[in-house]
2 protein chains.
Amino acid sequence: MRRRTDKRNGGLSRIQEKNRKRILDAALREFSSFGYSGATIDRISHAAGMSKSNLLYYFPSKKAVYAAVLSSILDAWLNPFRMLDPDGDPAREIEAYVREKLNLSAKFPEASRLFANEILQGAPRITNVLEHDLKDLVAEKCAVIKKWIDAGKIRPIEPVHLIFTIWATTQHYADFAPQIRAVTGKDLNDPVFFAETERAISGLILTGLGLTVPDKVPA
Amino acid sequence: MRRRTDKRNGGLSRIQEKNRKRILDAALREFSSFGYSGATIDRISHAAGMSKSNLLYYFPSKKAVYAAVLSSILDAWLNPFRMLDPDGDPAREIEAYVREKLNLSAKFPEASRLFANEILQGAPRITNVLEHDLKDLVAEKCAVIKKWIDAGKIRPIEPVHLIFTIWATTQHYADFAPQIRAVTGKDLNDPVFFAETERAISGLILTGLGLTVPDKVPA
DNA sequence: CCTCAATTTGACCGTTTGGTCAGCTTTTTG
DNA sequence: CAAAAAGCTGACCAAACGGTCAAATTGAGG
């Protein structure tokens, strides 16, 4: 027989695993909609289909729930950036990165908004991550971009600003979706609008770097 | 003698004028730091140098304070966009707009964060403004950009995405300042970093539009 | 100085919210 | 099946917060 606290599954029983996941799902929606202060563990618990007391059986406090949600999305958020390949073709690499980042904005807008909210409030809970993991990662990728510049493959630009520009533009379509909807009547869920957006951003950035947009399917 | 409630000054006495301003200043800092839900009228009143009761003598509710702050910054926020001149040189117009927008991010980051916060929460209080005033304004400026494209002055791009890109990149440096500080150790208050940022963004966008960066002082 | 309106405050109230606890129910296990 | 552990809940508590009110203080005009 499998024990409840079997070390497989990270020491969690099936019930624990299921309920923690439901809580984190509901908490992500709640925190991203109302911010940390505006969110209530009562609403989160009911959205997760349980009582407030039961939620506090799984997490010791509201802060703990928030921290768990935040850390659960941080990795996914940075992963596509890690995949930027130094040996790849700059145009293809950057285009792929923009598309992947825009894809995240379309599919996980709540995560994007939660992240934005955290930074807007001064990023009190993830300063360590930003100042170490992220800083190192950015430094590494800046070196890649600098290599491309030195090799004459792209126009000169301060690499860190290129990175910020890609982050800013792609995340903007998730974080400012209400404004974009008010102005255009559309959002990234619309496939046509998504394609149009991706073309515009990639086109502007690639052209701005002196590159041409690569064909979809290389010969 | 001047009456206290003289119609000059918008029907406000000197004391009222002074205190309302102090409240709005404090409220902007508070709301931009903690969001609407996280802010407390008690902290706002003390930051403004008065009791909570007295703040509520000037504004009937927390909502009213927030609405007043929001409307006080909306105009200033959109003004530089209005100044985009259809008859000007595209390169100069766009460069000037980017610089002005970046300037706002540097000088009034709290306003930028408050605005971002409002939209993140779904923009419940300014949907009307966005769907009418902003939408019309964007449509007007899109026409300008389209004219430039049709005249062959800039490369083709869906105008609305060019606008979004400029907003996203410039506001990013205010809204995500903690992240940028964590990675670079600098922010827009540093004149060197400001100039570097402006050069990078303008350069990327102008080049992306097939333009060259204009000289500072035209002959 | 006196009067009256404007201004200011501390005490107070009802609600919301994060969190605790004793005990009930379900599941696991010997 | 029986006992123990895990899972779950409603009742409850204390703190924080938005807002009210009566009373005190201040300032302007005669």
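FYI, side chains are in, hydrogens and waters are out, and symmetry mates aren't considered; it's all heavy atoms of this structure. Chain identifiers are assigned alphabetically (A, B, ...) following the order of the sequence lines, protein sequences preceding nucleic acid strands; residue numbering begins at 1 within each chain. Owing to the predicted nature of the structure, the values given are computational and were not obtained by experimental measurement.
A distance below 6.0 Å separates the ring centres of A:F81 and A:W167.
For B:S61, taking side-chain heavy atoms from C-beta onward, the closest of the listed nucleotides D:dG19, C:dA6, C:dG18 is D:dG19. Among the nucleotides C:dG19, D:dG7, C:dT7, the one closest to the side chain of A:L56 is C:dG19.
Here the P atom of nucleotide C:dT16 and the CG atom of B:D42 are 20 Å apart, to the nearest Å. When rounded to the nearest whole Å, the span between CZ of B:R14 and P of D:dA28 equals 7 Å. Distance CD1 (A:I44) to P (C:dT17): 12 Å, rounded to an integer number of Å. Atom C1' of nucleotide D:dG18 and atom CG of B:L55 are separated by 11 Å, given to the nearest angstrom. Distance, B:E17 CD to C:dA6 P: 17 Å, rounded to whole Å. The distance from atom NZ of A:K63 to atom C1' of C:dG19 is 13 Å, rounded to the nearest whole Å. Between the NZ atom of A:K18 and the C1' atom of D:dC8 there is a distance of 12 Å, rounded to whole Å. Rounded to whole angstrom, the span from the CG atom of A:N19 across to the C1' atom of C:dT26 amounts to 13 Å.
OP1 and OP2 of D:dT9 both lie 4.0 Å or more from every side-chain N or O belonging to A:S53. The phosphate of D:dC8 (OP1 or OP2) has no side-chain N or O of A:Y57 nearer than 4.0 angstrom. Between B:S13 and C:dT7, a side-chain N or O to OP1/OP2 separation shorter than 4.0 Å is present. Phosphate proximity of D:dA6 to A:Q16: absent, as no side-chain N or O sits under 4.0 Å from OP1 or OP2. Phosphate contact (OP1/OP2 of D:dT9, side-chain N/O of A:N54, threshold under 4.0 Å): present. Side-chain N/O atoms of A:Y58 include one lying less than 4.0 angstrom from OP1 or OP2 on D:dC8.
The side-chain tip of B:R99 does not point at the ring of B:F194 from less than 6.0 angstrom away and within 45° of straight on.
Counting heavy atoms from C-beta on, the side chains of B:F31 and B:E110 never come closer than 4.5 Å. Two residues are said to be in side-chain contact when any heavy atoms from C-beta on lie closer than 4.5 Å; A:L188 and A:S105 meet this criterion.
No engagement by A:A64 is indicated, since no non-hydrogen atom pair under 4.0 Å with the nucleic acid exists.
Taking only distance into account, the side chain of B:K62 never meets the base of D:dG19 through a donor-acceptor pair shorter than 3.5 Å.
Here side-chain hydrogen bond (donor to acceptor under 3.5 Å, both in side chains) pairs that include residues 172-186 of chain B, with residues two or more places apart or in two chains, are A:H161-B:Y173, B:S112-B:D175, B:R181-B:D187.
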